[in-house]
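Input: a single structure, listed below in structure tokens.
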Amino acid sequence: MGTDIGDLLQKHTIEIAELSNKVVAIDAYNTLYQFLSIIRQRDGTPLKDSSGQVTSHLSGILYRFTNLIESGVKPVFVFDGKPPEFKSGTLEKRHEIREAASAKWEDAKAQGFEEEAYKYAQASSKVTKEIIEDSIKLLELMGIPYVKAPSEGEAQASYMVRKGDADLIGSQDYDSLLFGAPSVVRNLTITGKRKLPRKNLYVDVKPEMISLEESLEELGVTRSQLIDIAMCIGTDYNPGLENIGPKRALKFVKEHGSIEGVLFEIGKEIEDLDSKKDFFMNPPVTDDYELKWEKPDRAGIIDFLCKQHDFSEDRVNKVLDRLEANMGGGQSTLDQWF
DNA sequence: CTGAGAAA
DNA sequence: TTTCTCAGG
């Protein structure tokens with residue numbers, strides 16, 4: 001998933017308070033995948049309602065985004081549209097890895113290998129059409145805006161930030177930087193601690209910001225060259241060159257000026273190189289969206305989460321008290337932005 | 001992951 | 001109060 005340029009980038013930990021009143025374009029696919037893979041029981045089973053429907057993503061959205069909104073963050077979810085043709089290889093590979101993980105999960109579970117079982121359970125996570133539909137339904141009920149991208153969500157989100165409609169992108173991946181996002185924030189949560197799997201270790205996890213301009217300056221390359229570096233290592237659109245990691249990719253691209261220079265030097269080719277590079281520079285995007293943070297529909301949320309998906313009404317009401325106090329109407333902290 | 005409640 | 005464990009759906 002994504003590229004491995006993270007090692008080359010300048011990262012700054014920030015306080016969540018610094019994001020107050022900032023519009024954060026959320027990479028929906030990335031976030032939902034994270035929820036599905038992490039919000040699980042100890043045996044690896046995701047949260048499910050009584051009819052067997054997975055609900056991990058609903059729990060994640062409800063709690064995390066209520067917290068972020070309470071901290072003054074203004075989230076807008078950006079969903080993927082139709083992937084580019086040349087992503088099919090990656091998508092197929094992900095499908096195969098998921099299938100294999102699913103089988104290994106069953107095996108490990110049957111043999112009582114708990115740690116392995118959990119690992120493979122996570123790797124078998126899939127962001128299905130139903131998961132996306134459920135998530136959109138909950139976002140609408142919570143009053144959180146969302147955008148459907150014509151193609152890649154990260155491209156659309158980057159466009160929205162460049163246009164000034166959003167301030168930064170929330171994602172664990174670095175791909176948005178290739179699409180020209182001025183800044184990306186990772187680890188977008190308010191709870192500062194994360195437990196390392198199967199260990200008694202707790203690590204402080206703070207939001208981490210990456211500025212495109214600063215990183216480019218530090219590396220001494222242009223955005224076009226950063227795309228070239230990423231393509232040397234491998235992106236969602238190409239497998240990457242053999243025996244070339246971030247360090248050597250940077251060195252080679254700087255030495256030869258571009259990926260074309262590197263390829264000539266080592267006598268290799270990348271299929272559809274020009275159109276892939278152009279896709280990063282000029283991806284399909286849309287202006288067809290409206291960003292409004294509205295009062296949550298309490299009755300609708302109770303019906304959807306509690307009546308349909310077996311959430312505890314007590315818990316949901318408590319979260320909604322906090323959400324209502326910070327969304328739409330009245331003394332909302334969000335209104336002052338307009 | 002997150003909130004709630006137990007343990008320290 | 002703070003830290004840790006566990007269930008949530």
Side-chain angles (χ1 to χ4, degrees), chain A residues 1 13 16 19 24 26-73 75 77 105 114-115 117-128 130-135 137-139 141-142 144 170-173 185-208 296 298 300-327:
Chain A
M1 204 161 307
T13 59
I16 199 78
L19 299 177
V24 182
I26 303 294
D27 178 355
Y29 177 87
N30 183 265
T31 301
L32 293 180
Y33 183 84
Q34 219 80 17
F35 285 153
L36 292 176
S37 108
I38 290 161
I39 304 178
R40 288 171 180 270
Q41 298 169 231
R42 237 184 319 281
D43 68 351
T45 317
L47 297 188
K48 290 176 180 176
D49 62 24
S50 55
S51 65
Q53 304 261 39
V54 172
T55 55
S56 299
H57 55 302
L58 299 176
S59 182
I61 291 173
L62 180 72
Y63 291 115
R64 181 185 291 178
F65 286 91
T66 294
N67 284 337
L68 289 173
I69 286 165
E70 205 172 30
S71 302
V73 172
F77 274 63
W105 178 18
E114 288 182 28
E115 203 168 321
Y118 193 90
K119 191 179 74 186
Y120 289 124
Q122 286 192 306
S124 71
S125 307
K126 178 174 162 63
V127 180
T128 65
E130 290 74 23
I131 300 268
I132 290 171
E133 281 166 4
D134 278 357
S135 300
K137 173 116 193 248
L138 180 58
L139 291 171
L141 290 167
M142 289 174 76
I144 297 171
S171 177
Q172 295 300 105
D173 286 353
V185 61
R186 306 178 74 231
N187 306 334
L188 194 57
T189 74
I190 57 125
T191 67
K193 297 214 172 195
R194 184 173 298 171
K195 51 184 180 305
L196 259 43
R198 285 303 179 284
K199 284 173 187 164
N200 276 358
L201 278 176
Y202 281 78
V203 183
D204 263 321
V205 179
K206 287 208 168 163
E208 177 179 279
R298 184 182 284 255
I301 294 175
I302 295 290
D303 178 71
F304 182 56
L305 292 183
C306 306
K307 304 284 191 295
Q308 295 182 45
H309 292 296
D310 302 320
F311 276 63
S312 140
E313 204 162 320
D314 200 41
R315 281 185 172 220
V316 172
N317 270 312
K318 266 181 204 160
V319 187
L320 288 182
D321 288 342
R322 296 193 287 123
L323 184 63
E324 264 181 6
N326 293 281
M327 280 286 261

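Chain letters run A, B, ... following the sequence lines, proteins first, then strands; residues in each count from 1. The figures that follow rest on heavy atoms only: side chains count, while hydrogens, waters and symmetry mates do not. Computed from a predicted structure; not experimentally measured.
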Measure from the side chain of [X], starting at C-beta and using heavy atoms only, and say which of [options] lies closest.
| X | options | answer |
| --- | --- | --- |
| A:Leu47 | B:dT2, C:dC6, C:dG8 | C:dG8 |
| A:Lys318 | B:dA4, C:dG8, B:dG3 | B:dA4 |
| A:Arg42 | C:dC6, B:dA4, B:dC1 | C:dC6 |

query = Does A:Arg64 put a side-chain nitrogen or oxygen below 4.0 Å from OP1 or OP2 of B:dC1?
reply =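 No, because none of the side-chain N or O atoms of A:Arg64 sits under 4.0 Å from OP1 or OP2 of B:dC1.
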task = Tell me whether the OP1 or OP2 atom of B:dC1 has a side-chain N or O from A:Asn67 closer than 4.0 Å.
result =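 Answer no for this pair, as no side-chain N or O of A:Asn67 is under 4.0 Å from OP1 or OP2.
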Rounded interatomic separation in angstrom, taking [atom1] from [X] and [atom2] from [N]:
| X | N | atom1 | atom2 | result |
| --- | --- | --- | --- | --- |
| A:Asp314 | C:dG9 | CG | P | 10 Å |
| A:Lys48 | C:dG9 | NZ | C1' | 11 Å |
| A:Ile38 | B:dC1 | CD1 | C1' | 7 Å |
| A:Asp321 | B:dA4 | CG | P | 11 Å |
| A:Phe35 | C:dG8 | CZ | C1' | 15 Å |
| A:Lys307 | C:dG9 | NZ | P | 14 Å |
| A:Tyr63 | C:dG8 | OH | C1' | 7 Å |
| A:Arg315 | C:dC6 | CZ | P | 15 Å |

Does [X] use its side chain to pair, donor to acceptor, with the backbone of [Y] at less than 3.5 Å?
| X | Y | answer |
| --- | --- | --- |
| A:Ser171 | A:Asp173 | yes |
| A:Thr55 | A:Leu47 | yes |
| A:Ser37 | A:Ser125 | no |

Using a heavy-atom cut-off of 4.0 Å across all strands, would you classify [X] as base, sugar-phosphate, or nothing?
| X | answer |
| --- | --- |
| A:Ser312 | sugar-phosphate |
| A:Phe311 | sugar-phosphate |
| A:Gln41 | base |

ask   = Distance only, no hydrogens: is a donor on one side chain within 3.5 Å (strictly under) of an acceptor on the other, for A:Asp314 and A:Ser312?
value =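 No.
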query = Just checking, any donor-acceptor pair under 3.5 angstrom between side chains of A:Arg64 and A:Thr31?
reply =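 Short answer, no.
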